[in-house]
Structure formats: structure tokens, C-alpha cells
Amino acid sequence: MQAPSIGGVSVPRGDGRTVVRVRRGASLTDFADKINANPGSLVTVLFHLGEMATATQSLDEDTFKLLGAELGYDIQVVSPEDEERELFGQFNIDLEAEAEAESDEDLEPRPPVVTVMGHVDHGKTKLLDAIRHANVIDTEAGGITQHIGAYQITAEHEGVDRQITFIDTPGHEAFTAMRARGAKVTDIAILVVAANDGVMPQTIEALNHAQAADVPIVVAVNKVDVEGANPSKVRQQLTEYNLVAEEYGGDTMFVDVSAKQRVNIDALLEAVLLTADAALDLRANPDKDARGVAIEANLDRGRGATATVLVQSGTLAVGDSIVTGSAYGRVRAMLDEHGNQLDVALPSRPVQVLGLSSVPRAGDTFIVAPDDRTARQIAEKREAADRQASLAKARKRISLEDLNEALAAGKVDTLNLILKGDVSGSVEALEDALLQIDVGDDVDLRIIDRGVGAITMNNINLAMASNAVIIGFNVRAEGQNADYADREGVEIRYYSVIYNAIEEIEAALKGMLKPEFEEHELGSAEIREIFRSSKFGNIAGSIVRSGEIRRGAKARITRQGVVITENLEIAGLRRFKDDVTEVRDGYECGINLGSFNDLQIEDLITTYEMREKPRG
């Protein structure tokens, strides 16, 4: 096997059929080890093919294909599933063999896992609201569900109490990735369509996800009590997408409901259970170590990293060593959707797990490992592989020809972003949506870091070093961090609705971003004590930390850097027994926020005003 003549370097050649398997994000050094070659020679070969890379740089699949075609190797980049299988194999964990070894006697019935899907504003959260008699939508910015939640309810069916697990996937188009994940963990999808609106783009998108995952669909025709409602039109429209109602001779159950009036909710639950019994064999083995998926994760004050996990098989118990993505730990406590402590979680049970080392990503699989040491080793190997894969993803492929053109033109414009959010699902969805923005070849968008929790000094230092903009989604930089960012000229943009972020970033990439108004911070005060008043509600005994607090100003409350609520108003301001209009930096005061009473000591009250920004 002779070397190729390119550049006169000596590299062993394949015969065109030689298969070489490399993991995602592998480097030329990794590939060189597989074919017993000098990494420096491969750098030269790649250079002559019009690609520039160092020996230790992570490469993407296209670059490996190009190199393989030149050297006579069929280079296969290992899929995440295969990579996972190989990783578990190193620790003698074989999930497939485990599943095959189970007999029918081992399997017991489990509740169906149901995902509620559909177009934005068609009433998905209101429907879940009606099903579990709680209220989610009030806490969501812009009335759009931003997170994935999971809940289990009990419904009576044919005289027997049956459990159903619900997963609430966000409705906005930016959450396509999360909705797709919802369809992967689900048994049945409820497609919510508004009777007055009919089939919309995201209805079709949600439908495609469910059909691609081969999931049975029950259609909830919502808002039948609204003027202009036409349930039969919805049935007609959906026949075009292979969803034919039973009354039209098909096999899809349609239920007319009103989430607001709580009409026909029982019939919908019955339709779900009938579909589950007729179309699915919902059984799992509870007598083994738990396996499942992380549905949501966040960083909680006092509790540390927490994850909502869905147990898919086995039984998860307090004290188990688990690994999910690159996070690991011993289950310190498990909570249900009402905050009650649980000792064990059976198949199809969603629980919040405490005790993880870091925040996993939404959609990461979790397994119970034999011991803490194994869990840590699996997590560390995953983290290393993820780091390599993200480096390969971040690398911008640029040929010598492109580089010359870019140099001639002056420079390649790159917008570097750092994403921080309150939960990992939102960060991932935001990243996915931003990377899909297409503004041609003149501008390049790179996400150089992402994470969960408040904006830290490390984030600001990285932004300074890489000239990046920090995007805060429901989190903020506070105190000395905010001052430091301001002093060093690091731009931080705050958002609470995801499509606002997408629109502004797209406008910035197109060079059209000229907001008419900008937020100007007036002052901030830290709550030191809370006084209860029958007349005024809660009064926040506070000390002004910066600027001044004015009566009538707009305010937001942050707790550990995470935004709790916005658009409040300073309804009352007192110094001792006197009503005052403003209190300056360093002074103590009593602040009344009207009807808002969810206050805690150490919360930060920040006041601001919107000022017109001159167009540049």
C-alpha cells in the first residue's frame, strides 16, 4: 500500500473498501492511529485538498469523507446510538441483551405516556390545565409554554382507576427539536386543533413528528364553544394527512372539547385509554435497574442540579447511582409533580431527581449504574465525546479559495454568541433555532458556549476574549458581574420569549437591528426582610444597592440570577413612616409591589424604564 503522491507525503492507502470507524468529533490524530500514519502527513494531504486543519482539531463528517475518498478508505462516523452501545460495552452493560432476556412473565402493564402537541395558541396548556386542575400558563412569558413538563393523573376507565402520564411540549415553532423528542418518548400523541382556526403549519409539523415516530394519534378538537367553531372542517382537513375520523370510516378517534369550559375532558381521557388498549402493548419489567430519559433539567437554588426524568423500564429508587448524559450522581431524593417525596418510581412515572453533579440536557437517556464509580466514568467519557463533537460542529469549513476571497474582501464576519437560560430545554431549543437562521455566506453565526443558570464572570471573560454577545433567556447578570460586563463593554441581551431572541439575532445578522426603545436600568434593591400587612400585602424591607428606586417605576424580581417575574410596578415606597417618591443608593426603604407577594429574602428588585433609542 503506497502513499499518495499529493505533496510527496507518505500515507498508507486503503483499497477503497477498507472501513475505518471514527467517533463524532474525532481529529486527524485519532484517524492516523487507526491507519498507522503520521498525523502531520494527513494535515499536508488535507491542505492539498483545499482544507485546513491541525492534527488535534475536531473534524466534521464531510471532511472525513473527503479525506477517505482521497486515501482509499471508507470512513464511517459512529452514530450516537452505536457510540452509546460501545461505551456501555466497556462497562459490561448491554441494554439490548437485557431486553431480549426478559420473558412475558417479567413484563407488567404500565401507564401510557401521552404527548400533547399542536399549533401555538390552540389551547394545549389550557387542555392540560383542565386535565390536572392546575395553572401553568400564568407563569409562561407571552402565554407560550417555554419548558417541557411531565405529570401523572388518574382517570377512571371501565370502573378501574388508570394512570396516564402527560408530557407538555412547547407549542412555538422554535421548539421543533423538543417536540420531536417528545414524540420519541411518547406512546400516544394528542393533537390539539382549534375548531375556529383549523389546521395550521405547526399542526402539520407536530403531526409529522408523531407519524415519523409511529405513534397513534388522538385528535382533540378544542375551542368548540368559540364563535366560528367548525369541528367538521377540522375532520375534513385532517383526512388529507391520513387522519380519518372513526365517523368517516377511519380509525382515528376525534373528541370535541372545550379546555376553557372543561367540557368532554373525560371523553378525551377515555379515548386515550381505548387507543392505548387497542393499538399498543404497554408493558415493562419493573424488577430491574431503571432506564429512561431526562425530559427537563435546571439548576435550582438550594437543591443544585435537578432533572425531570421519565422511567421507561425498571424501578428507580432513592440511593441509586445514575448517569444521564454527562451528569451523574446518587439519587438523593425524588419528587412527584406536586412536590411530594417518593421512595421508588415505576415505569412511565415522571419524577424530579435531586443529587446530580451537573445539569443534563433535555432528551439525554439515563441508566442506573452498578456503582458511583462506574456512573462517574461513563459520564466523563460521554462529556469528552460531547466536547469533541461540539468542536467539530463549531468548526467552520473554509477552503483555501474561500479564504483568499475572504481575505481580499477584508474579513469574514462572525457573530459569536454565548447562550444562558433557566432550563436546559430552552437553551437547546434556542441554539437549534439560531443555528437554522440563514443569512447567506457573508455572515457566520457561532455559538461558542451554552449553559444553565445565572450569567457568571466566566461567561463574561469568555465573551471578552472571543468578542461574543451573551444571550440571557430568563436569567440575568447581577451585582458585580453586571457592572464588570458594563465596564468591559460586553453586550448582554435579555429575553423571556424565545421568538423575540430569534427575530433580533436574525435582524442583527442582516445588519437591520435598530430597536426604537431600549431598557435603561434605574436602580436595584436587595430584600433584607419581609413584612406582612393586611392592608398592603407584603412589604419588602430593602436596601438600595445601586442607582435609585422610584415610585411608579417598572420593576422585575430576580432570585439567584433567574428572573422570577417582570412588568411589576413600584406601587408604594416608604422611608420609616413617610411615603417618598424615590430612595437613593445605600439607604433602606420599604417597597410595596402591589398584588405581587411571592417574595423571598435576598431577592433583587431591579427598576428600569424604556427609553427611546436614536436610530443609528
Side-chain angles (χ1 to χ4, degrees), residues 138-141 146-147 149 296-308 327 329 332-333 335 339 352-362 418-428 430 449-463 470-486 490 492-498 501 519 521 523-530 538 540-547 549 554-568 591 593 596-608:
D138 287 354
T139 63
E140 300 286 2
Q146 310 271 354
H147 309 152
E296 188 50 281
N298 64 356
L299 206 54
D300 191 271
R301 179 184 183 179
R303 289 178 178 170
T306 68
T308 303
R332 205 169 65 231
L335 307 173
Q352 191 177 42
V353 169
L354 278 60
L356 294 173
S357 60
S358 58
V359 180
R361 291 173 308 194
I418 294 171
L419 306 184
K420 290 300 290 276
D422 53 344
V423 292
S424 63
S426 299
V427 175
E428 191 179 337
L430 187 56
D449 192 22
R450 67 202 61 69
V452 174
I455 295 164
T456 63
M457 200 69 90
N458 284 343
N459 300 139
I460 296 164
N461 285 331
L462 178 60
I470 300 175
I471 302 293
F473 186 74
N474 275 336
V475 296
R476 303 187 75 80
E478 289 188 337
Q480 61 182 26
N481 291 1
D483 295 341
Y484 182 57
D486 202 36
V490 171
I492 304 178
R493 290 188 166 271
Y494 301 114
Y495 300 98
S496 58
V497 176
I498 202 163
E519 185 183 298
E521 193 171 303
S524 64
E526 183 187 330
I527 298 178
R528 305 299 289 274
E529 210 168 332
I530 295 164
N538 285 356
S542 314
I543 183 163
V544 181
R545 290 292 187 203
S546 65
I549 303 294
K554 279 188 163 187
R556 79 165 58 81
I557 294 181
T558 48
R559 192 169 293 159
Q560 292 287 92
V562 176
V563 178
I564 301 302
T565 186
E566 296 204 67
N567 289 325
L568 297 175
I591 299 174
L593 293 166
F596 184 80
N597 286 323
D598 179 19
L599 302 172
Q600 289 185 17
I601 290 168
E602 291 186 9
D603 282 357
L604 206 65
I605 300 172
T606 306
T607 59
Y608 58 94

Closest approach of [X] and [Y], non-hydrogen atoms and distance?
{"X": "Tyr494", "Y": "Ala477", "answer": "OH-N, 3.4 Å"}
{"X": "Ala297", "Y": "Val359", "answer": "CB-CG1, 3.6 Å"}
{"X": "Ala555", "Y": "Leu593", "answer": "CB-CD2, 4.5 Å"}
{"X": "Ile549", "Y": "Ile605", "answer": "CD1-O, 4.4 Å"}
{"X": "Ala525", "Y": "Ile591", "answer": "CB-CD1, 4.0 Å"}
{"X": "Gly339", "Y": "Leu335", "answer": "O-CD2, 3.7 Å"}

Hey, are the side chains of Phe473 and Ile498 touching, using non-hydrogen atoms and a 4.5 Å cut-off?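 Yes, close enough: below the 4.5 Å cut-off.
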State, with a plain yes or no, whether a side-chain heavy atom of Tyr484 is found less than 4.5 Å away from one of Val490.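 When only atoms from C-beta onward are counted, Val490 and Tyr484 do not touch, as no gap falls below 4.5 Å.
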Side-chain donor/acceptor of [X] to backbone N/O of [Y], under 3.5 Å:
{"X": "Ser357", "Y": "Gly329", "value": "no"}
{"X": "Asn481", "Y": "Ile455", "value": "yes"}
{"X": "Ser424", "Y": "Pro360", "value": "yes"}
{"X": "Lys420", "Y": "Ala454", "value": "yes"}
{"X": "Glu296", "Y": "Gly425", "value": "yes"}

If the threshold is 4.0 Å, N to carboxylate O, is there a salt bridge linking Glu521 and Arg476?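 A salt bridge is absent here (no side-chain N lies under 4.0 Å from a carboxylate O).
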With [X], which residues qualify under side chain to side chain donor-acceptor pair (under 3.5 Å), at least two apart?
{"X": "Gln480", "answer": "none"}
{"X": "Thr565", "answer": "none"}
{"X": "Arg545", "answer": "Glu526"}

Enter the distance from [X]:[atom1] to [Y]:[atom2] here, rounded to the nearest 0.5 Å.
{"X": "Tyr495", "Y": "Leu419", "atom1": "OH", "atom2": "CG", "answer": "11.0 Å"}
{"X": "Ile564", "Y": "Arg556", "atom1": "CD1", "atom2": "CZ", "answer": "12.5 Å"}
{"X": "Asn298", "Y": "Thr306", "atom1": "CG", "atom2": "OG1", "answer": "4.0 Å"}
{"X": "Ile418", "Y": "Asp449", "atom1": "CD1", "atom2": "CG", "answer": "6.0 Å"}
{"X": "Glu566", "Y": "Thr606", "atom1": "CD", "atom2": "OG1", "answer": "10.0 Å"}
{"X": "Gln560", "Y": "Glu602", "atom1": "CD", "atom2": "CD", "answer": "7.0 Å"}

Run the side chain to side chain contact (heavy atoms under 4.5 Å, CB included) test against [X] and tell me which residues pass, sequence neighbours left out.
{"X": "Asp603", "result": "Arg301, Ile527, Ile557, Arg559, Gln600"}
{"X": "Asp486", "result": "none"}
{"X": "Asn538", "result": "Ile530, Arg532, Asn597, Leu599"}

